[in-house]
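One structure is given below, encoded as structure tokens.
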There are 2 protein chains.
Amino acid sequence: MKRALLRRIEPVLLSRAAEIIKMLGHPERLKIVEVLERGEATVSEIQEAIGIPQAIVSQHLARMRGCNIVAARRDGSYVRYRVIEPKVHHVLNCIRECDA
Amino acid sequence: MKRALLRRIEPVLLSRAAEIIKMLGHPERLKIVEVLERGEATVSEIQEAIGIPQAIVSQHLARMRGCNIVAARRDGSYVRYRVIEPKVHHVLNCIRECDA
DNA sequence: GCCATATATTGACATATAGCTATTATCATA
DNA sequence: TATGATAATAGCTATATGTCAATATATGGC
């Protein structure tokens, strides 16, 4: 461990980081953003991809919308979600890197 | 975003990752592991470093012990804590990297 | 054993979260 | 406008979480 490189995380960043990873600290939400990482997806696509009830998917998406992790846009009768918080990709890649 | 590199996170890893980042998804716990990242620290050192009551620090440490994120060893009348989950460093560095 | 210091645990309480069912909104199209 | 598909929300129960005050448990020195 290279301690010399450990600089303190600034309070505001730390606070936002805690908020983001708190949201991602749930298996289903983590799966949802993993799906969204590949590009926009509708609620039903997400639902199929991870196999949980529509209402639950919507609830998780609503929470993640609430802290600006994902955003939605209507497309006809669909609503397409996408990740808008760049740190999410960092976190997912970080998890992948641990998978040695 | 290089989508070609996005490989799926394995279920077991994803589940453990969710557990870890759930624990880190709290500002005080994030501060605690940030302190511990620099090396072992006693409860009172942590308490001083981040400025919250001793009982709260102990409670957070107990929860993180519970999911094998930190470990403790007694040293005289002190108890020294350290990070034992390597992913924690990855996550902290990931947060730092976002701090552009 | 007694005292001071360091840490852990407990109980109480408020709030947050998760998941379920049912219902409601929104849109496209017949 | 009626209908089917898609998505969001409401109401509910159960459980988890966060915090505090108080108490309990080490440990070391006298």
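Letters A, B, ... mirror the listed sequences (proteins, then strands); counts begin at 1. Computed from a predicted model, the values in this text were never measured in an experiment.
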Inset, instruction - State, without any angle test, whether A:Gln54 and A:Ser58 hold a side-chain donor-acceptor pair at a distance under 3.5 Å. - result: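 Per modelled atom types, A:Gln54 and A:Ser58 side chains form a pair under 3.5 Å.
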Legend entry - Lys/Arg-Asp/Glu bridge criterion (N-O < 4.0 Å) met for A:Glu19, A:Arg16: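 Salt bridge present between A:Glu19 and A:Arg16.
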Legend entry - B:Glu37 with B:Arg96: basic N within carboxylate O range, under 4.0 Å: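 Salt bridge: yes.
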Legend entry - N or O in side chain of B:His60 less than 4.0 angstrom from D:dT17 OP1/OP2: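 Answer no for this pair, as no side-chain N or O of B:His60 is under 4.0 Å from OP1 or OP2.
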Gap between atoms [atom1] and [atom2], on [X] and [N] respectively (whole Å):
| X | N | atom1 | atom2 | value |
| --- | --- | --- | --- | --- |
| B:Ile32 | D:dG18 | CD1 | C1' | 13 Å |
| A:Met64 | C:dA18 | CE | P | 11 Å |
| B:Ile52 | D:dA21 | CD1 | P | 14 Å |
| B:Asp75 | D:dT27 | CG | P | 12 Å |

Legend entry - Minimum side-chain heavy-atom gap A:Arg65-A:Tyr81 below 4.5 Å: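 Side chain of A:Arg65 against side chain of A:Tyr81, heavy atoms only: contact under 4.5 Å found.
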Inset, instruction - Identify which one of B:Ile50, B:Val35, B:Leu24 satisfies the side-chain contact (heavy atoms from CB on, under 4.5 Å) criterion when paired with B:Leu30. - result: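 Of the listed options, the one satisfying the test is B:Leu24.
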Inset, instruction - With sequence neighbours left out, write down each residue that passes salt bridge (Lys or Arg N to Asp or Glu O under 4.0 Å) with B:Glu34, or none if nothing qualifies. - result: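 Partners of B:Glu34 by the salt bridge (Lys or Arg N to Asp or Glu O under 4.0 Å) criterion come out as none, since no residue qualifies.
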Find every protein N or O atom lying less than 3.5 Å from an N or O atom of nucleotides 14-17 of chain C, and list the pairs.
{"unit_1": "C:dT17", "atom_1": "OP1", "unit_2": "A:Lys22", "atom_2": "NZ", "d": "3.3"}
{"unit_1": "C:dT17", "atom_1": "OP1", "unit_2": "A:Arg63", "atom_2": "NH2", "d": "3.1"}

Inset, instruction - To the nearest 0.5 Å, tell me how far A:Ile84 CD1 sits from A:Asn68 CG. - result: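 So the CD1 of A:Ile84 and the CG of A:Asn68 are separated by 5.0 Å.
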Can you give me every donor-acceptor pair (side chain of residues 72-79 of chain A, partner residue at least two apart or in another chain, under 3.5 Å) with its distance?
{"unit_1": "A:Arg73", "atom_1": "NE", "unit_2": "A:Glu40", "atom_2": "OE1", "d": "3.3"}
{"unit_1": "A:Arg73", "atom_1": "NE", "unit_2": "A:Glu40", "atom_2": "OE2", "d": "2.8"}
{"unit_1": "A:Arg73", "atom_1": "NH2", "unit_2": "A:Glu40", "atom_2": "OE1", "d": "2.8"}
{"unit_1": "A:Arg74", "atom_1": "NH1", "unit_2": "A:Gly76", "atom_2": "O", "d": "3.2"}
{"unit_1": "A:Asp75", "atom_1": "OD2", "unit_2": "A:Arg80", "atom_2": "NE", "d": "2.6"}
{"unit_1": "A:Asp75", "atom_1": "OD2", "unit_2": "A:Arg80", "atom_2": "NH2", "d": "3.2"}

Collect all protein-nucleotide pairs involving nucleotides 1-11 of chain D in which both atoms are nitrogen or oxygen and the distance is under 3.5 Å.
{"unit_1": "D:dT6", "atom_1": "O3'", "unit_2": "A:Ser77", "atom_2": "O", "d": "3.4"}
{"unit_1": "D:dA7", "atom_1": "OP1", "unit_2": "A:Val43", "atom_2": "N", "d": "3.4"}
{"unit_1": "D:dA7", "atom_1": "OP1", "unit_2": "A:Val79", "atom_2": "N", "d": "3.2"}
{"unit_1": "D:dA7", "atom_1": "OP2", "unit_2": "A:Ser44", "atom_2": "N", "d": "2.8"}
{"unit_1": "D:dA7", "atom_1": "OP2", "unit_2": "A:Ser44", "atom_2": "OG", "d": "2.5"}
{"unit_1": "D:dA8", "atom_1": "OP1", "unit_2": "A:Tyr81", "atom_2": "OH", "d": "2.6"}
{"unit_1": "D:dA8", "atom_1": "OP2", "unit_2": "A:Ser58", "atom_2": "OG", "d": "3.0"}
{"unit_1": "D:dA8", "atom_1": "OP2", "unit_2": "A:Tyr81", "atom_2": "OH", "d": "3.4"}
{"unit_1": "D:dA8", "atom_1": "N7", "unit_2": "A:Gln54", "atom_2": "NE2", "d": "2.7"}
{"unit_1": "D:dA8", "atom_1": "N6", "unit_2": "A:Gln54", "atom_2": "OE1", "d": "3.3"}
{"unit_1": "D:dA10", "atom_1": "N6", "unit_2": "A:Gln59", "atom_2": "NE2", "d": "3.1"}

Legend entry - Smallest separation among heavy atoms of B:Leu13 and A:Ile95, with atom names: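 B:Leu13 and A:Ile95 have their closest heavy atoms at CD2-O, 3.6 Å.
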Inset, instruction - With sequence neighbours excluded, tell me which residues meet side chain to side chain contact (heavy atoms under 4.5 Å, CB included) with B:His60. - result: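 Here the qualifying residues are B:His26, B:Glu28, B:Arg29, B:Ile32, B:Ile52, B:Ile56.
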Inset, instruction - Please lay out, stage by stage, how B:Arg38 and A:Arg8 fare under the test side chain to side chain contact (heavy atoms under 4.5 Å, CB included). - result: CA-CA 10 Å; B:Arg38 294 153 193 252; A:Arg8 274 205 92 180; 3.0 Å; yes
Inset, instruction - Specify the angle, to 10°, made by the local axes at the two ends of the helix from C:dG1-D:dC30 to C:dA30-D:dT1 when five pairs are taken at each end. - result: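 Taking five pairs per end, the axes differ by 10°.
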